[in-house]
Structures are given as C-alpha cells and as structure tokens.
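So the structure is just underneath, and the comments pick up after that.
Numbering starts at 1 and runs along the sequence shown. Indexing begins at 1, ligand by ligand and atom by atom, following the structure's order.
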Amino acid sequence: MAKILVADGMDRNAAKELTNMGHELVIEHLDVPELKRELGNYDVIIVRSATKIRKEVIDAVAGSNLKLIIRAGVGLDNIDVSYAREKGIAVENTPKASSASVAELTIAHMFSLARFLYISNVTMRDGMWYKKAYKGIELSGKTLGLIGFGRIAIEVAKRASVLGMKVIYTDIITKDGYDEFSCVTKEELIKTSDFISLHIPFIKEVGPVLSENEFNMMKDGVYIVNCARGGVVDEEALIKALDSGKVAGAAIDVFEEEPTKNKKLFTHEKVSLTPHIGASTKEAQARIGLEIIDKVKEYF
Ligand SMILES: NC(=O)c1ccc[n+]([C@@H]2O[C@H](COP(=O)([O-])OP(=O)(O)OC[C@H]3O[C@@H](n4cnc5c(N)ncnc54)[C@H](O)[C@@H]3O)[C@@H](O)[C@H]2O)c1
Ligand SMILES: O=C(O)CC[C@@H](O)C(=O)O
C-alpha cells in the first residue's frame, strides 16, 4: 500500500476510493522547502498545476521512498519530467479527462469576446448602459484557426463547426480522419483566421508561437483565445496588438506567471479572463480522479 501526498486537492470520491483501497492519503499543499524535507516520506505525490516539482526537489528526494509523481491533468510543464525519470521516479498524467471541459471554456470565451459578455458584466455593475458600444459579431460564418490539433482542439473543432464556423488547423504532426476540417500551414492559418485558438503544450526551448511577427501577419480585428499554456503567446506582443487594434479581443485562461501580475493585461478592456479553470468542472475532476485511481493501481 502507498503513502500518497495530495498536494493540490483532488476529487473527493476518488480520494475516498484510494483510502478504501488501503492507501494512506495526506491532503496538504507543501511549499518547496517543505517538499524537499518531507516528500521523501511518501511513495506518491499527486499534483495539479500549483505545485512545481523541479530539479531541486527531485534532487532532495532522489533515492527516497518516492516512486511516482501523478499530474492530475494534461500539461507536464510544472514537473522536470525527464530529470525525475532519470532519477528513477515515474511520472504519469491524466490526459483524456478534461478535453471536453477545456473545449467548452474555449467556446465560452469566444462568445464572451464576440458579444462583450466579460466587459458588460463589469460596466453594468458600475451602473452603466453601454448598449451602443457593444455591437458584437456572430461566430457563425467566421473562420476559426486552431494551433495544435490534439484531444482538446478536436473537441473545439466539433463544437465550432456545429455553430457554423469554418474550422482550419495546423499541427506539427499529420492528423488523419478529420477531412471535415482543413489542415493548413501555420502562416496560412495566421493570415486567414478570424479567431485563433491555441491548444499546444508550452515548451521552453520553443517559446511563444505567437509573437510580434505573427501578430503583424494577422487579419485586422482578429480574436485570440489561449486556454493552453501561458508562454505560448508572448504577453507583451499581445498587449501591443490589442492597443493598436490589430487584435480586437483576447481571451486568456493561462498566463506566463500564475497568478498573473501582468496588470496591463488583466485590466485591459479588450481581454476576457479566467484564472486557469479549463479543467475545473465537476465532471472533468471526477474523470481525472478515476484516471488517478487507475495509475495508482498500475504501480501499487
Ligand atoms: N486551461 C486548462 O486548464 C488546460 C487543461 C488541459 C490542458 N491544457 C493545455 O492544453 C494543451 C493541449 O492539450 P491536449 O490534451 O489537446 O494535448 P494533445 O497532446 O492531445 O494535443 C496537442 C497537439 O499540439 C501539437 N503541437 C505541439 N506543439 C505544436 C506547435 N508548436 N505547433 C502546432 N502544433 C503543435 C501536438 O502535435 C498535438 O497534436 C496541453 O498541453 C495543456 O498545456 C490546459
Ligand atoms: O490542474 C489544473 O488546475 C489545470 C490543469 C490543466 O492546465 C492541465 O494541463 O491539465
């Protein structure tokens, strides 16, 4: 049986099930010095995005009891994965569970931008009635360009096409079986999309895939949605493009630093914001819980 540290919370039913299976669960968020001191006493740690497991933590616990790091989610950018594996610590994630939830948030953000939902909720609370200022657009008939065409983007594409959008995508890997959507080059996507939504991992060595150069190539009045990772869009270049009017609006769930301190971005009148909640639905968290149970069963 395993001693498991649940560092960033998890679905209550799944936690109960792990306990019923005989595992010992401690539910507590630890900071880096505490992780370095205490993580070696556990067999497994389960994290979401708040806990970072970097080289210094891995070095402190290498050769201890710790055998498995489970990322309750998709992105592994908060863990030094190859270094952990080099030190004999397995790393697993739960990649399938949240795709529908993130896709729904992406679509919600597109509506929010198109119809000023995010800003009219603010100004009306201040007693304003800016009816004339909020002349929106329909999503129907617009071109949605998806950068990355994996699990989440495919769910976005299906929903967007039902709304009457033309969906195009670009990916570094060829994707078969999606003839209803057009695969194009990144450059063509950037030049022809009315909405651009990103669904790729953040890779430090690659850096942002949308920077000043890409913004300059876009249609005037384009909308940007990022429910993928902070860092895949250059925040300063985005602010500049919003200020110039090149970008009509941006919806952002994920930030270069979280919680974000980029005041210019989070107070911008053309930005629809959520605090990294793509996977934060009851259904996604319940499915993630089930995937976690399967992962623990594989090892213990
Ligand atoms: N906002 C949230 O709460 C939330 C929740 C889950 C996942 N995510 C993010 O969404 C990302 C996508 O998740 P997924 O499950 O669809 O992953 P996935 O692995 O199924 O799909 C990612 C796709 O991006 C492609 N890709 C990678 N780099 C690319 C690049 N530079 N240009 C074009 N294509 C590229 C890959 O080939 C792959 O097809 C995750 O990496 C994660 O960072 C965010
Ligand atoms: O765990 C979270 O809160 C976010 C998860 C999400 O970004 C992911 O990559 O799965």
Side-chain angles (χ1 to χ4, degrees), residues 6-11 14 29 45-53 69-79 81 91-109 145-159 168-178 181 183-190 193 196-211 214 225-234 251-256 258-260 272-289 291-292:
V6 181
D8 303 325
M10 71 178 286
D11 178 67
H29 182 78
I45 179 169
I46 300 171
V47 302
R48 288 183 61 176
S49 49
T51 298
K52 316 273 179 254
I53 307 193
I69 300 169
I70 300 181
R71 165 68 163 100
V74 184
L76 287 161
D77 45 300
N78 54 328
I79 301 164
V81 177
V91 182
E92 299 278 358
N93 63 350
T94 62
K96 294 173 292 205
S98 62
S99 306
S101 292
V102 184
E104 286 188 7
L105 183 69
T106 303
I107 299 284
H109 266 307
L146 299 171
I147 300 185
F149 199 62
R151 287 171 295 256
I152 295 170
I154 290 166
E155 293 304 314
V156 174
K158 289 181 194 161
R159 288 158 176 77
I168 60 175
Y169 70 89
T170 191
D171 198 296
I172 49 173
I173 295 170
T174 308
K175 303 278 168 160
D176 295 323
Y178 296 98
F181 311 118
C183 180
V184 298
T185 61
K186 179 183 165 192
E187 188 171 331
E188 187 182 343
L189 183 143
I190 284 171
S193 297
I196 297 177
S197 185
L198 299 107
H199 299 283
I200 55 175
F202 176 64
I203 299 166
K204 211 164 42 182
E205 296 69 32
V206 176
V209 300
L210 296 186
S211 304
E214 285 79 16
V225 182
N226 184 8
C227 291
R229 269 297 175 276
V232 301
V233 177
D234 180 327
I252 314 176
D253 183 51
V254 287
F255 300 83
E256 286 173 1
E258 294 183 2
T260 180
S272 174
L273 299 155
T274 43
H276 201 155
I277 55 164
S280 295
T281 62
K282 288 179 185 166
E283 293 84 354
Q285 291 305 313
R287 287 191 295 265
I288 286 171
E291 278 197 65
I292 290 173

Geometry only, no angles: is [X] polar-contacting ligand 2 at N/O separations under 3.5 Å?
X      : value
Gly75  : yes
Arg71  : yes
Arg229 : yes

- [ ] List the closest protein heavy-atom neighbour of atom 4 (C) of ligand 2: residue, atom name, distance to the nearest 0.1 Å.
- [x] His276 NE2, 3.3 Å

Task: Protein contact to atom 3 (O) of ligand 2 [nearest heavy atom, distance to 0.1 Å] - done: Arg48 NH2, 2.9 Å

- [ ] Record the part of Lys175 in heavy-atom contact with ligand 1 below 4.0 Å; permitted values are side chain, backbone, both and neither.
- [x] side chain

- [ ] Tell me which part of Val74 gets within contact of ligand 1: side chain, backbone, both or neither, using heavy atoms under 4.0 Å.
- [x] side chain

For ligand 1, is there an atom lying under 4.0 Å from some heavy atom of [X]?
X      : value
Asp171 : yes
Ser99  : no
Gly73  : no

Open item on the list: For Thr281 and Arg287, which I'm curious about, is there any donor-acceptor pair between the side chains at under 3.5 Å?
Closed with: no

Task: Heavy-atom nearest option to atom 10 (O) of ligand 2, drawn from Val74, Thr94, Val47, Thr51 - done: Val74

Open item on the list: Within the structure, is a non-hydrogen atom of Ser49 found at a distance of less than 4.0 Å from ligand 2?
Closed with: yes

